[in-house]
Amino acid sequence: MAHAVLATTELEATLAWYRENLGLTCSDDVHDEESGELLMSFNRLDRGEDFVDHHVMFAMRGPVSGLNHFAFEVADIDDVMTGHEYLISKEKYDHVWGVGRHSLGDQVFDYWFDPYKRVHEHNTDNAVFNNQVPANKVTNSQDDLGGQWGPPPPDFFLGYGIP
Ligand SMILES: [Fe+2]
């Protein structure tokens, strides 16, 4: 398992809990260009000099609190595409988003619904950071925030959360 993403109505409190109790550290905080409000935050493990994935927990402000998606790391880009074609062939799962490459975190991604409307991501080629990489702040005006390539996210997905 690579990471979990949460939607939350209490973003600052959620981030404080994970950082204070589990020692997570900020990779990227995304703020609204105009208001400065914190919109979402990517957080990683703190393993000192050892390199870890860009995020193990990502939280976004939303109208509800719940699980946005889980991500599972697969071997390589061929594995992402093989999985994509396999799930299409089953003709019983709904595709959500992808295939593309994220900007923050660099992963090649593919998102699918399971039968219970949970979203599962398969990804590969994560950016890895260690404690020499400072917390980064960006704004939602960054042109490629939706991805380096691939389709834009579906409208419902930002802020999506299920119990
Ligand atoms: Fe993800």
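Along the sequence shown, residues carry numbers from 1. We count ligands from 1, going down the list as the structure has it; atoms in each ligand are counted the same way.
The N, O or S atom of His3 lying closest to the Fe ion (ligand 1) is NE2. The Fe ion (ligand 1) sits nearest to atom NE2 when only the N, O or S atoms of His69 are considered. Closest to the Fe ion (ligand 1) among the N, O or S atoms of Glu121 is OE1.
Taking both residues in full, the closest heavy atoms of Glu73 and Asn126 are given as OE2-ND2, 3.5 Å, listed atom of the first, atom of the second, then distance. Taking both residues in full, the closest heavy atoms of Arg44 and Val133 are given as NH2-O, 2.9 Å, listed atom of the first, atom of the second, then distance.
Looking only at atom types and distance, the side chain of His54 has no donor-acceptor partner in the side chain of Gln107 under 3.5 Å away.
Phe58 and Phe157 are members of different hydrophobic clusters when ILVMFWY side chains are connected at heavy-atom separations under 4.5 Å.
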